[in-house]
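These notes are about the structure you will find just below.
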2 protein chains.
Amino acid sequence: MARVGVTVERLVAAAAELADEAGFDHVSISALARRFGVKDASLYSHVRGLKDLRTRLALYAGEELIDRIAAAVAGRSGKEALRAFAGAYRDYALEHPGRYAATQIRMDQALVADSPALHRTAQITYGMLRAYGLEEPDLTDAVRLLRSTFHGYCLLEGAGGFGADRDVQASWDKAVDALHLTLAHWPREQENDG
Amino acid sequence: MARVGVTVERLVAAAAELADEAGFDHVSISALARRFGVKDASLYSHVRGLKDLRTRLALYAGEELIDRIAAAVAGRSGKEALRAFAGAYRDYALEHPGRYAATQIRMDQALVADSPALHRTAQITYGMLRAYGLEEPDLTDAVRLLRSTFHGYCLLEGAGGFGADRDVQASWDKAVDALHLTLAHWPREQENDG
DNA sequence: CCCGCTACCTAGGGACTCTAGGCTATGACC
DNA sequence: GGTCATAGCCTAGAGTCCCTAGGTAGCGGG
């Protein structure tokens, strides 16, 4: 009985490929087993089950994503940093739709809390915003706005939600410009008279 | 053999409830059949299959959502309209997470094209933005930015993605204020020098 | 009244998750 | 170089789900 050499690492890497090829919700134990030429049941000695596999994939993808963002942002600040952040984010989401989808699943709060990727993400995002001179709670509000916009944009674009006859890259650039202005002129309380 | 009286309408309504209770991806033919006290196979005379059911649910939820938004926006303009739009959007997403998730699935392009809800959505959104005096392609860019931000915010909030110790409602209000300023001072080409 | 349609049924195939329990190749230790 | 533990793979089987094919019961219209 030849041993194929399945390990958790190879399993997660294969799951990542499979996610990008077939979509995140097509990542299944049996599909993965097929890919390794092995029976379903064999994978349960490496991974606790489908949920466990998907969680591992999510953490893996989250780390890849923040690595790319960190590399892009390094040495830049202000608008340059924002553009680099946004570009790296969107590129990853479009290049790796399955992995990106994986980063969005709801995980055990315990797992999320002590994930180093999450900490790095927060650190880098807050660091980037430092140039705009915001203070709490505006800082948190701004982070939420940025994350939401990036996330929503990539999801909608990936889902083919932008049907209009307008170049998406140009639209995205404009959105980033607009966000930059928003951050630079963040609404103060006295302006909040709408 | 007592007839329960299953119809497409009752099926979709039950699917909507089930989606909100158990999550969109727990909407299944068999769960629905159980709910009606009927065998799985019986539903296939009302609905072509799971995909068909989900598509119907998506269109149903999309119409509910735009109805709410239209009612909220009616008679308002500018910042008032933006706030009403945003509020109705987020309220729906939070009250009906399953239905909201349903609106985000990828559907047959043919079905999307002649969905009245989609047309109304576009109409109302562009109408709301008219107050800001934008012209194409800025108008489309602005619509995309708004949709992305609203969508991303609701998804992240719904998924428990906002862990920081800051009131989400206040954060949301601030984001809407920021978007208003963004629309009011939309970046022109000559400012795009960063 | 019975004919046809519709609403429901049984039966069954195929895919997937997961558990229980068994065999074997591999590497460590005597 | 034997033997032993364990890790890596297996078969078998239960349970869930989607979906098809073909059969039957209730209900309204001629």
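Below, read A as the first sequence line, B as the second, and so on, with proteins coming before strands; counting in each chain starts at 1.
- Under the side chain to side chain donor-acceptor pair (under 3.5 Å) criterion, B:Ser171 pairs with A:Asp141, A:Arg144, sequence neighbours left out.
- Under the salt bridge (Lys or Arg N to Asp or Glu O under 4.0 Å) criterion, A:Arg76 pairs with A:Glu80, not counting sequence neighbours.
- In this structure, A:Gly49 and A:Tyr44 approach most closely via the heavy-atom pair CA-CE2, 3.8 Å.
- Taking atom NZ of residue B:Lys39 and atom P of nucleotide C:dG12, one finds them 15 Å apart after rounding to whole Å.
- Shown here are the ring pair (Phe, Tyr, Trp, His ring centres under 6.0 Å) partners of A:His96, two or more places apart in sequence or in another chain: A:Tyr92.
- Across C:dA7, D:dG8, C:dA20, the shortest atom-to-atom separation from the side chain of A:His46 is found for D:dG8.
- Contacts with DNA chain D (heavy atom under 4.0 Å) in residues 10-18 of chain A: none are found.
- Listed by first then second residue, pairs satisfying salt bridge (Lys or Arg N to Asp or Glu O under 4.0 Å) with a partner in residues 121-130 of chain A number zero, not counting sequence neighbours.
- In this view, A:Arg68 and A:Glu95 satisfy the salt bridge (Lys or Arg N to Asp or Glu O under 4.0 Å) rule, not counting sequence neighbours.
- Partners of B:Tyr60 according to the ring pair (Phe, Tyr, Trp, His ring centres under 6.0 Å) rule, which considers only residues two or more places apart in sequence or in another chain, do not exist here.
- Between the CZ atom of A:Arg48 and the P atom of C:dT19 there is a distance of 11 Å, rounded to whole Å.
- Proximity of A:Ser42 to the phosphate of D:dC10: a side-chain N or O atom is located under 4.0 Å from OP1 or OP2.
- Remark: P of D:dT20 and CG of B:Leu43 are 13 Å apart, rounded to the nearest angstrom.
- Between B:Phe36 atom CZ and C:dC9 atom C1' there is a gap of 17 Å when expressed in whole angstrom units.
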With the criterion being N/O to N/O and under 3.5 Å, what pairs connect the protein with nucleotides 14-18 of chain D, and how long is each?
| from | atom 1 | to | atom 2 | distance (Å) |
| --- | --- | --- | --- | --- |
| D:dC17 | OP1 | B:Arg34 | NH2 | 3.4 |
| D:dC17 | OP2 | B:Arg34 | NH1 | 3.1 |
| D:dC17 | O5' | B:Ser30 | OG | 3.0 |
| D:dC18 | OP1 | B:Ile29 | N | 3.1 |
| D:dC18 | OP2 | B:Ile29 | N | 3.3 |
| D:dC18 | OP2 | B:Ser30 | N | 2.9 |
| D:dC18 | OP2 | B:Ser30 | OG | 3.1 |

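- The ring pair (Phe, Tyr, Trp, His ring centres under 6.0 Å) test applied to B:Phe162 returns B:Tyr153, not counting sequence neighbours.
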